[in-house]
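Notes to accompany the following structure.
Atoms considered below: every heavy atom in the structure, side chains included; atoms not considered: hydrogens, waters and symmetry mates. So that the names make sense, note that chain A is the first sequence line, chain B the second, and so on, each numbered from 1.
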Amino acid sequence: MNPKIHIQNLSLSIDRQPILKNVNLTIPKNKITVILGSSGCGKTTLLKSLNRLTDLIPGVQRSGEIILDGVNILNGGQDLVDIRQKMGLLAQRPYPLPMSIYNNITFGLRISGRHNRQFLDKRVEHYLKMVNLWEEVKDRLKDPASALSIGQQQRLCLARGLAVDPEIILADEPTSALDPISSRMIEEKFLELKNQYTIVLVTHILRQARRMADYVVLMYLGEVIEQGTPDELFNNPQHPVTKSYLSGQFY
Amino acid sequence: MMNTKNEERLFRVLMFFSTVFIVGVLLLIVGSVLYKGVPSLSFAMLTSIPKGGFYFGEDGGILNAIIGSLYLSFGATFLAFIIGWPIALYMNVYLVKYHTLVNAIRFVFDVLWGVPSIVYGAFGFILMVFLGVRASLLAGIITVSLFIVPIMVRAIDESLKSIPHGLLESSLSLGSTRSEISYRIFSREAFQGIITAILLSFGRAIGDAASVLFTTGYTDRIPTSLLEPSATLPLSIFFQLSSPIAAVQDRAYASATVLIVMVLVISLLSRLIGNRRF
């Protein structure tokens, strides 16, 4: 296994309430790592620790290390913009930027200083094709992104995230607001994208985890209970919590 | 005990009548001003400054007050906007982690919003005496802008506050800095709210008499520099209404009509701009 991110002894509390308890985890490169667990178990917090969105939470305290390409990104001196540009985020529901479809894709490029019109045009077409949205929107690129359906918006948000050329995709229950067809499109896209990107997918849908995962992490009450390949975890669970989770005793 | 259906009916009737009552009162105010004001409104009144004997019912107009009020209100609204807009953005984009602090700031602005405008006028007066400035357009603009900054900040703040946290997270994840998020994303998302805030502040600025009484002064001329005193419509109404001469009193209502129409035009214009969609 070729590791991309090492999480070592990561603990996080909000107003002294522990949310993550001593998490140790290795995320493999160019694979889909699925973080599975019931709601409130800390899986979203773990995901957002990776690109330090947890910095925004009032009363947050954190210890431990997250090592990305040999560098501890929890160190004070790190350039946050740089870290975040390495990780595209796909949230539970799409948050399109208040601008046109075209500018949603180019925003990330323009703020990093690329303004060449032909370059931007090519990128827009490339990434919209990548998420199967090009045919649907090519004649209305100037329309506001908010005019798209939720499923289309989510694909646009994926394209927007990919356009800034990240190495990692963080996905926080990305299909939970979508209809089955849009959900399947996102899932299929992820399976294609994993050859080029390291994907961390948070979900509480067991079947989705079975369909997608190369590596599975089960969380419960802020702790990593068990981790391993899908075969190990789904077919031969070791921990009693994993067993009861898989048998549907809690979600 | 009332059953739910009757309770529902009772409250619907109550709400209906209170709405009708308030709209009725509003129409009565506007109606009576127009009724008294429109007959004494004339083209000359809108296009000329007071001539000798104007305050005794003779020729002249209120152009000095119209222009003065526009100068004052645009100046003060502009100043309040360039101060208030960044404050609201700072609270909602930079201070997200510090809830208690942001709530304290909100509380301060709410208190300032509630302070009567005459207090701002008195404060402006102290400031003028301290700086050795006479009653002037500049002193008025500064005083009125202090008085409308809380309105500007809280109104923009309310619309920024309603932006979902997810948009902030998504924007940060794209590698945007906080200032890019402030000016290029949040301000755009809250565009209509910002227009409303400007309108609200402008309305307060143009309609207030107490804060300009000591600070802006009054003159029959149209000011040609920021350091000259200036007439304003609310004071023009006040002075004309204080007159014992009926014809002059009627002109106060004509001035009020002009004020109402100006506020209406500004409202409609900002609605028009605000309806642009992204």
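- Neither the backbone nor the side chain of Pro94(A) comes within contact range of chain B; no heavy atom of the residue lies under 4.5 Å from a heavy atom of that chain.
- Listed by sequence position, Leu172(B), Ser173(B), Leu174(B), Gly175(B), Ser176(B), Thr177(B), Arg178(B), Glu180(B), Arg184(B), Ile185(B) are the residues of residues 172-185 of chain B in contact with chain A, using a 4.5 angstrom heavy-atom cutoff.
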Salt bridge (Lys or Arg N to Asp or Glu O under 4.0 Å) between Asp121(A) and Arg117(A), worked out: CA-CA 6 Å; Asp121(A) 284 351; Arg117(A) 185 70 198 213; 3.5 Å; yes
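- Of the charged side-chain nitrogens involved, none lies within less than 4.0 Å of a carboxylate oxygen, so that Lys122(A) and Glu125(A) do not count as a salt-bridged pair.
- The pair Glu192(A)-Lys189(A) meets the salt-bridge criterion, since a charged nitrogen lies less than 4.0 angstrom from a carboxylate oxygen.
- Ranked by heavy-atom pairs under 4.5 Å with chain B, the list Val164(A), Ile57(A), Leu53(A) is led by Leu53(A).
- Listed options Arg84(A), Arg52(A), Met87(A) were ranked by heavy-atom pairs under 4.5 angstrom with chain B; first place goes to Arg84(A).
- Leu168(B) is not listed as a side-chain neighbour of Tyr95(A), based on a closest heavy-atom distance of 4.5 Å or more.
- Residues Arg12(B) and Glu8(B) are not paired through a salt bridge, judged by the lack of any N-O separation under 4.0 Å between the basic side chain and the carboxylate.
- Side-chain contact between Thr44(A) and Ile35(A): absent, with no pair of heavy atoms (C-beta onward) separated by less than 4.5 Å.
- Taking 4.0 Å as the cut-off between side-chain N and carboxylate O, Lys4(A) and Asp69(A) count as a salt-bridged pair.
- The existence of a salt bridge linking Arg106(B) and Asp110(B) is excluded, since no basic side-chain nitrogen approaches an acidic carboxylate oxygen closer than 4.0 Å.
- Among Asp55(A), Leu90(A), Asp82(A), the residue with the largest count of heavy-atom pairs under 4.5 Å with chain B is Asp55(A).
- Looking at Lys86(A), there are no atoms closer than 4.5 Å to chain B (heavy atoms on both sides), in backbone or side chain.
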